[in-house]
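Convention: sequence-line order gives letters A, B, ...; per-chain numbering from 1.
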4 protein chains.
Amino acid sequence: MRSTPRPRRSNTRQQIQEVARDFFMERGYEKTSLREIADELGVTKAALYYHFRTKEDILVSLFSDVGIALDELIFWGRQQHRSLAVKRELLARSSVIFSGAAPLFNVLNANQATLSDLSVGQDFKDRVTALSELLQEPDASVAAKVRCVTALLSLLYGTFAIEHIEGDAEEKRLALLAGATELLTSAYPTDDSDPRASTLDAPSATAPKAEPTAS
Amino acid sequence: MRSTPRPRRSNTRQQIQEVARDFFMERGYEKTSLREIADELGVTKAALYYHFRTKEDILVSLFSDVGIALDELIFWGRQQHRSLAVKRELLARSSVIFSGAAPLFNVLNANQATLSDLSVGQDFKDRVTALSELLQEPDASVAAKVRCVTALLSLLYGTFAIEHIEGDAEEKRLALLAGATELLTSAYPTDDSDPRASTLDAPSATAPKAEPTAS
Amino acid sequence: MRSTPRPRRSNTRQQIQEVARDFFMERGYEKTSLREIADELGVTKAALYYHFRTKEDILVSLFSDVGIALDELIFWGRQQHRSLAVKRELLARSSVIFSGAAPLFNVLNANQATLSDLSVGQDFKDRVTALSELLQEPDASVAAKVRCVTALLSLLYGTFAIEHIEGDAEEKRLALLAGATELLTSAYPTDDSDPRASTLDAPSATAPKAEPTAS
Amino acid sequence: MRSTPRPRRSNTRQQIQEVARDFFMERGYEKTSLREIADELGVTKAALYYHFRTKEDILVSLFSDVGIALDELIFWGRQQHRSLAVKRELLARSSVIFSGAAPLFNVLNANQATLSDLSVGQDFKDRVTALSELLQEPDASVAAKVRCVTALLSLLYGTFAIEHIEGDAEEKRLALLAGATELLTSAYPTDDSDPRASTLDAPSATAPKAEPTAS
DNA sequence: CATGAATGAGGATTCATTCAT
DNA sequence: AATGAATGAATCCTCATTCAT
């Protein structure tokens, strides 16, 4: 999951990140105070400032890996010529990234308002926008565009929602992907293949570096 | 600050709600201070407290209408026997409610973390959960359940997202609904009608205020 | 108990006084807000201001009767020549006044700090001081003075405290008075009568106008 | 505001306590704002919060010593068998504690209403009640009970009052104690010793810190 | 006789951040 | 690598009071 093997400075830095991630998930970014993080670790607030320049920095540091993964995917997508197959592949790879870092995306999602004027929040929105543009044909019908956008969104938001359904995680992920792919496919005017079956064979769900541990 | 002396029998209460709604949308609930709202209206913070007991109260007051609409829909849904037609209708009516109060839902969505421990936040989550349970067959396959949940979610989140696509609002809404209905329909094992076409005639979905006759 | 038969303006005025007295007793003067009083009566805060000029005014109005009673007693005491008998009488009459308006004195006592810079608080302190000076011989020994002061105080503070002892109110009052009188008597160097018995015959417990309904 | 930069390893905590104690005495707990305390010390309100968790905490911190002393005395009292001698000793030791912390007790007394719903206020009331129960025989006459309670109260309230009488502090304390002891003694039905003389030799009452050997 | 609407001053508390040590 | 002490700005909220109607 981590692309650049980060230097193992002290482990305090890592601990801060872990506690911060947990707290941001539980109570949200805004409502997590540095004091709480410090207390949980048994250190002083000032200690946090030794490792991170600001509170936002802690947040940002959590997203570097996932940000890179998304950027790589977008870069890849722009390289390809626009075909249904490529778009399906984009969806498949997005699914892997999303579910590999579900907690993190959840933080972003649940704190949209708070994070919107922090770079990390805007960056994320931009990436999703970029992705959804890769899925749309510029001159498609409104209905088609709506379907494309919905495909991506259902993948993203579905990832959090399906955690409440009991069942095998990977099975759920694939079901979600299948639905999203149908939505995408149905945006294409004439299409020989049976939309309901097609998606399940979207194979290359393993994006270049993204190795999702099927948690 | 105030140039024209405001009228005695005032509509201040309403103005507060309007400004609050706008600010909550723009910068989020937590990051909107009562001072800002008061300043915008040219009144004192204390004036807000004349009209609302707490900051949360302002928020809650914004949602009473929508809350009632959702509750009525859920009530109606529970009255019906579970059939695909009923579920389509649920989706259709949800679509109407969602897009009728899109800004409000956006506030809830973008401030999830912040609002999670406010009753209004939890209430909303409960309602969506109730709705999504009405769409699922308890003994359906995991894949089917995932599709049902996704159908509702794509409707909900899609409502905000499609605002960035140019085109007629109603047309976009129907397209979104069509996608969601397909997702739902495809969760049904054997189904004679063509799933892709069927949904578009979901009948009363176009009636602005679907009056669920609690039969 | 009331010396000047107050005009029966509206009964709202009286109701305000009653509620205020109760609340001042329960939660204290400072911690009782005008809103609470108004709410209890089902009127607006502004209505209170029709009947009383300020919050302090409400408080002051409660004490006019008792203030007069004390002033009369002090006036009477100054008229007499200083003898043990007169002092006993002072104590006896104080006892009647104190227990006749115990709740009110309790308010003063429990809110000393708050009321010290309100005229009503200072007035009360002055009166108690005046009373205790009437009990002391200016050239008595320190020990004697201490006893005289203690006699009065035990009467005053005892009045609240003995409410928690079960038993007949008047019996308790007389016991309290007996103790106080002993204290006073023992401050007198040579004294033929038996101090333990003497006090119980302090007869004229009915001060001129103070008609204590033996509640 | 601050001319000399305060020392690093500071005694600020203590200074806060001192200023707070003084202000609480002068104007009362409620009417003392943290801003006033902070200003007096030339620090920010936030600085107070570095040293104490809440305003109440500052108050509580002032009472820890006295609270312990009272608890020890009560503990000791409960250990002994109930005899007049023990009760006299209780009174004597109470006298030492009360006059040793007169300003503090004054704060409690003058702010009763305000502090009644703070733990420290209730704790204090409970302790006085416990003490007064140790002085009473459960099956004594009402008159006797009243005398016992009065004995303790006169000691408590007398402690503040006698500060206004000129004279040696210790002499005044002993006079007060003598009066209280008489009150207590007179509650005992038949008693060979002369009540008026007996109390003055109450032995360990003069030992500054009566060490109750919890026998 | 009373209300509806509002104010201004002040309350306790919390937070991210800083910096000398 | 981390702490102790402190700041400044902001937060929500409460209160006694006012005044035109």
Side-chain angles (χ1 to χ4, degrees), chain A residues 9-13 30-38 41-58, chain B residues 1-2 5-13 30-38 41-58, chain C residues 9-13 30-38 41-58, chain D residues 1-2 5-13 30-38 41-58:
Chain A
R9 302 206 206 189
S10 78
N11 71 41
T12 302
R13 197 188 143 90
E30 193 97 332
K31 282 176 28 193
T32 299
S33 80
L34 293 187
R35 183 173 60 66
E36 286 170 315
I37 297 178
L41 284 168
V43 297
T44 339
K45 268 185 292 175
L48 306 185
Y49 279 86
Y50 179 80
H51 294 282
F52 295 94
R53 267 188 34 262
T54 81
K55 184 185 181 186
E56 185 179 352
D57 248 44
I58 302 180
Chain B
M1 185 112 190
R2 195 178 343 126
R6 263 162 309 90
R8 278 295 126 193
R9 184 109 230 163
S10 76
N11 55 347
T12 308
R13 199 189 140 91
E30 197 94 334
K31 282 177 30 195
T32 299
S33 81
L34 295 186
R35 184 176 56 69
E36 286 170 314
I37 298 178
L41 284 168
V43 297
T44 345
K45 269 182 292 171
L48 305 187
Y49 281 92
Y50 177 75
H51 293 283
F52 296 93
R53 272 190 22 268
T54 81
K55 184 185 180 186
E56 185 178 351
D57 244 45
I58 302 181
Chain C
R9 305 204 204 188
S10 78
N11 71 41
T12 304
R13 197 188 143 91
E30 193 97 332
K31 284 177 24 195
T32 299
S33 80
L34 294 186
R35 182 171 59 67
E36 286 169 314
I37 297 178
L41 285 167
V43 298
T44 339
K45 266 184 296 174
L48 305 186
Y49 279 88
Y50 179 79
H51 294 282
F52 296 93
R53 268 189 30 264
T54 80
K55 183 187 182 186
E56 185 179 351
D57 248 43
I58 301 180
Chain D
M1 186 106 188
R2 196 177 340 128
R6 264 162 308 87
R8 277 295 127 195
R9 183 110 230 161
S10 74
N11 54 346
T12 307
R13 200 190 138 91
E30 197 94 333
K31 284 180 22 198
T32 300
S33 81
L34 294 186
R35 183 177 56 69
E36 287 170 314
I37 298 178
L41 284 168
V43 297
T44 344
K45 270 183 293 173
L48 305 187
Y49 280 90
Y50 176 76
H51 293 284
F52 296 93
R53 271 188 24 266
T54 86
K55 184 186 180 186
E56 185 178 351
D57 244 45
I58 301 181

### Task
Could you state the atom-to-atom distance from NZ of D:Lys45 to P of E:dG10 in whole Å?
11 Å
### Task
State the OH-CZ distance between B:Tyr50 and B:Arg13, to the nearest 0.5 angstrom.
11.0 Å
### Query
Which heavy-atom pair separates B:Tyr49 from B:Thr54 by the least distance, and what is that distance?
CE2-CA, 4.2 Å
### Query
Looking only at heavy atoms, which two atoms of C:Leu34 and C:Lys55 are closest? And how far apart?
CD2-CG, 3.8 Å
### Query
Given that D:Thr32 and C:Gly42 both sit by DNA chain E, which one's nearest nucleotide is further toward the 5' end?
C:Gly42
### Query
Which nucleotide sits closest to the side chain of C:Ala46: F:dA16, E:dG10, F:dC19?
F:dC19
### Task
Output the single nucleotide from E:dA2, E:dC15, F:dC13 whose closest atom is nearest the side chain of A:Ser33.
E:dC15
### Query
Which value, rounded to the nearest 0.5 Å, describes the distance between B:Glu30 atom CD and B:Thr32 atom OG1?
9.5 Å
### Query
Would you say a side-chain N or O of A:Tyr50 is under 4.0 Å from OP1 or OP2 of F:dA1?
yes
## Note on the structure
Distance col, row D:Ile58:CD1 vs D:His51:NE2, nearest 0.5 angstrom, shows 10.0 Å
### Query
Expressed in angstrom and rounded to an integer, what is the separation of A:Arg13 atom CZ from F:dA2 atom C1'?
16 Å
#### Entry: Selection from E:dT3, F:dT17, E:dA6 that lies nearest to any side-chain heavy atom of B:Ala47
E:dA6
#### Entry: Out of F:dA2, F:dT17, E:dG11, whichever nucleotide has its closest atom nearest the side chain of C:Leu34
F:dT17
### Query
If you check the D:Tyr49 side chain, which of E:dA2, F:dT17, E:dT14 turns out closest?
E:dT14
### Query
Is E:dG4 paired to anything, Watson-Crick or G-U wobble with both distances less than 3.5 Å, and if yes, which nucleotide?
F:dC19
### Message
Expressed as a whole number of angstroms, how long is the span from A:Arg35:CZ to F:dA6:P?
### Response
18 Å
### Message
In this structure, how many angstroms lie between the C1' atom of F:dA5 and the CG atom of D:Leu41, rounded?
### Response
14 Å
### Task
Assign each of C:Val43 and A:Glu30 to its nearest nucleotide of DNA chain E by heavy atoms, then name whichever residue's nucleotide is nearer the 5' end.
C:Val43
### Query
Which whole-number value in Å describes the distance from D:Glu56 CD to E:dA12 C1'?
12 Å
### Message
Nearest whole Å is fine: how far is F:dT11 C1' from A:Lys31 NZ?
### Response
15 Å
### Query
So, is B:Thr12 near the phosphate of E:dA6, with a side-chain N or O under 4.0 Å from OP1 or OP2?
yes
### Given DNA chain F, 5'-ward residue of the pair C:Glu36 and D:Leu48, judged by closest heavy atom
D:Leu48
### Query
Expressed in angstrom and rounded to an integer, what is the separation of D:Lys55 atom NZ from E:dA12 atom C1'?
8 Å
### Query
For C:Phe52 and F:dT18, what is the distance between atoms CZ and P respectively, to the nearest whole Å?
16 Å
### Query
So does D:His51 get a side-chain nitrogen or oxygen closer than 4.0 Å to the phosphate oxygens (OP1/OP2) of F:dG4?
no
